[in-house]
Amino acid sequence: EQRLDIGEHLVVAADPQAALEVDMDRMSPQDAMFLHLEDGNNPMHIGNVAVFEGPAPSYGDLVRTVAANLPLVPRYRQRVRFVPFELGRPVWVDDAHFQILYHIRHTAVPTPGSSEQLRNLAGRVFAANLDRGRPLWELWMVDGLEDGRWALISKVHHCMVDGVSATDLLTVLLDREPQPTPTRAPTWHPQKEPSDLHLLADTVADAILDPIDRIRGLPLLARANLAAGFSITDLRNLAASYRTWLHPTVGELNGRIGPHRRWSWANATLDEVKEVRTALGGTVNDVVLAAITRGFRDLLLGRGVEIEGKVVRTLVPVSVRSENERGVYNNRVSGLFAGLPVGIEAPVERLDHTRQQLPDVKAPRPASAGPLR
């Protein structure tokens, strides 16, 4: 009965007679690159696990809350449309068959509902690629956690958002303060989808007006040459990190990967991280990177790997989104090319090395790190 109520009030069926004029939003070269790099062993979505205290809402209430906020994030009702013969960058079009119950899932972990069980579930969810025939996101509501908790597992494709805007999306879709549950979703009519001929004509026009950007977004270049999507900021960051390339690296972490994933986490409070930052200098990101370095160090020592004087070379995605770009859901991301000093035993010295290796990149303005990889 509840599911019927959800369907009656929140699922907007496509009405061809109500469709408006054709509207297309072409992907940026960087967004297209994240889409084309994906394959069966390399999913390119951003994952997030949020654990909540207290009783879980009903599945219906969660669906109603998300549906009521979807007008704030129109990309969540759009799917990818590829240009015939891959002659240009894909475009975003409204999904005329959008079904919110497909995107919001309800599941549970068995008793006792431990953190390990939640991590295993998240790993299975993150291992599967998103369906490219639908809007590229999923939200899993997880019941049955110990101590009366519940969780949300979120998946959003990297071609839609970067790590910072993905976090912002959760604050848009979820209320900061208790609010009455919406009873009815706003009316929504999908835009008319373009024909193949329209897509080809628009691609030709785009190639004439901006030929370089068109080429940068093609699948072949996205897979074969990551520099095709590099910006001036990316190249500056690469040049600034030249010193990290002088250190010998640990090669034992490299190897072929498969489709399966494991998800884990470490517990700390932001206040604890800020306390370290205040006492020893640097930024919150520096402290987090130093902690991750310790994790790599312990792993490698446990495998009997020689790490003296070596680093783990790492690409850390960093948001270059300005304050006036908040609420714009796309990719505004560059990278810091860090050499994590796993060969240093002393924690303070390890933090200092991490903090000092890329000062020129951090100096122009504060940057917010996205999910670390």
Side-chain angles (χ1 to χ4, degrees), residues 1-12 38 40-70 73 75-77 79 95 97-158 160-161 163 166-167 169-175 178-179 181-182 185 258-267 371:
E1 185 175 2
Q2 183 186 55
R3 292 184 64 85
L4 289 175
D5 182 66
I6 295 170
E8 177 186 353
H9 291 295
L10 296 178
V11 178
V12 180
E38 184 174 60
N41 290 337
N42 296 281
M44 291 298 295
H45 48 254
I46 295 173
N48 181 290
V49 178
V51 179
F52 300 91
E53 297 179 347
S58 70
Y59 173 68
D61 284 348
L62 176 64
V63 172
R64 293 184 187 94
T65 299
V66 174
N69 285 287
L70 281 180
V73 282
R75 185 74 82 225
Y76 269 33
R77 287 192 286 214
R79 65 180 183 85
D95 182 8
H97 303 287
F98 177 76
Q99 169 60 272
I100 195 171
L101 299 183
Y102 171 84
H103 296 276
I104 303 180
R105 318 286 180 87
H106 191 191
T107 189
V109 292
T111 304
S114 65
S115 295
E116 180 66 20
Q117 290 171 303
L118 177 60
R119 286 195 291 265
N120 290 338
L121 172 62
R124 291 193 297 271
V125 169
F126 293 144
N129 286 1
L130 291 159
D131 184 352
R132 293 193 176 192
R134 300 173 181 268
L136 295 174
W137 65 280
E138 292 174 3
L139 190 65
W140 293 67
M141 177 181 176
V142 184
D143 286 335
L145 297 182
E146 57 189 353
D147 300 325
R149 299 174 303 159
W150 61 285
L152 287 176
I153 301 175
S154 170
K155 288 171 60 176
V156 185
H157 201 284
H158 213 327
M160 291 175 62
V161 294
T167 303
L169 283 172
L170 286 180
T171 64
V172 168
L173 294 176
L174 304 176
D175 296 316
Q179 301 289 340
T181 302
H260 305 296
R261 295 292 182 271
R262 288 193 297 174
W263 173 268
S264 189
W265 60 74
N267 293 319

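Quick note: residue numbers are just sequence positions, from 1.
Pro135 and Phe98 make their closest contact through CG-CD1, 3.8 Å (heavy atoms, listed as atom of the first residue, atom of the second, distance). In plain terms, the two heavy atoms of Ser154 and Leu139 that are nearest each other are CB-CD1, 3.9 Å. For the pair Leu145 and Ala151, the tightest heavy-atom approach, listed with the atom from each and the gap, is CD1-CB, 3.8 Å. Scanning all heavy atoms of the two residues, the minimum distance from Pro43 to Ala127 falls at CG-O, 4.4 Å. For the residue pair Ala68 and Pro182, the shortest heavy atom distance occurs at CB-CG, 3.5 Å. For Asp61 against Pro57, the heavy-atom pair with the smallest separation is CB-CB, 4.4 Å.
When side chains are defined from C-beta on, His158 counts as touching Ile46, because their heavy atoms get closer than 4.5 Å. Side-chain contact between Val73 and Trp137 is absent, with no heavy atoms from C-beta onward closer than 4.5 Å. At least one side-chain heavy atom of Leu152 sits under 4.5 Å from a side-chain heavy atom of Met141.
Between atom CZ of residue Arg64 and atom CD1 of residue Ile100 there is a gap of 11.0 Å, rounded to the nearest 0.5 Å. Atom OH of Tyr102 is separated from atom CG of Asp95 by 10.5 Å, given to the nearest 0.5 angstrom. Here the CG-NE2 distance, from Leu136 to His103, works out to 8.5 Å after rounding to the nearest 0.5 Å. Rounding to the nearest 0.5 Å places CZ of Arg149 at 13.0 Å from CG of Asp143. Rounding to the nearest 0.5 Å gives a distance of 9.0 Å between CZ of Arg124 and CD1 of Ile153.
A donor-acceptor contact shorter than 3.5 Å links the side chain of Lys155 to the backbone of Val125. The closest donor-acceptor contact from the side chain of Asp131 to the backbone of Gly133 lies under 3.5 Å. Judged by distance alone, with hydrogens and angles left aside, the side-chain atoms of Arg79 form no donor-acceptor pair with the main-chain N or O of Tyr76 at under 3.5 Å.
For the 3.5 Å distance criterion, the side chains of Glu138 and His45 fail to qualify, holding no donor opposite an acceptor.
More than 12 heavy-atom neighbours from other residues, nucleotides or ligands sit within 6.0 angstrom of CZ on Arg105.
For the ring-ring contact (aromatic ring centres under 6.0 Å, His included) condition, the pairs that include at least one residue of residues 104-126, sequence neighbours left out, are Tyr59-His106, Phe126-Trp263.
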Solution key, residues 111-123 side-chain donor-acceptor pairs under 3.5 Å, sequence neighbours excluded:
residue, atom, partner, partner atom, Å
Ser114, OG, Gln117, N, 3.3
Ser114, OG, Gln117, OE1, 3.4
Glu116, OE1, Arg119, NE, 3.4
Glu116, OE1, Arg119, NH2, 2.8
Gln117, OE1, Gly113, N, 2.8
Gln117, OE1, Ser114, N, 2.7
Gln117, NE2, Pro110, O, 3.3
Asn120, ND2, Glu116, O, 3.4

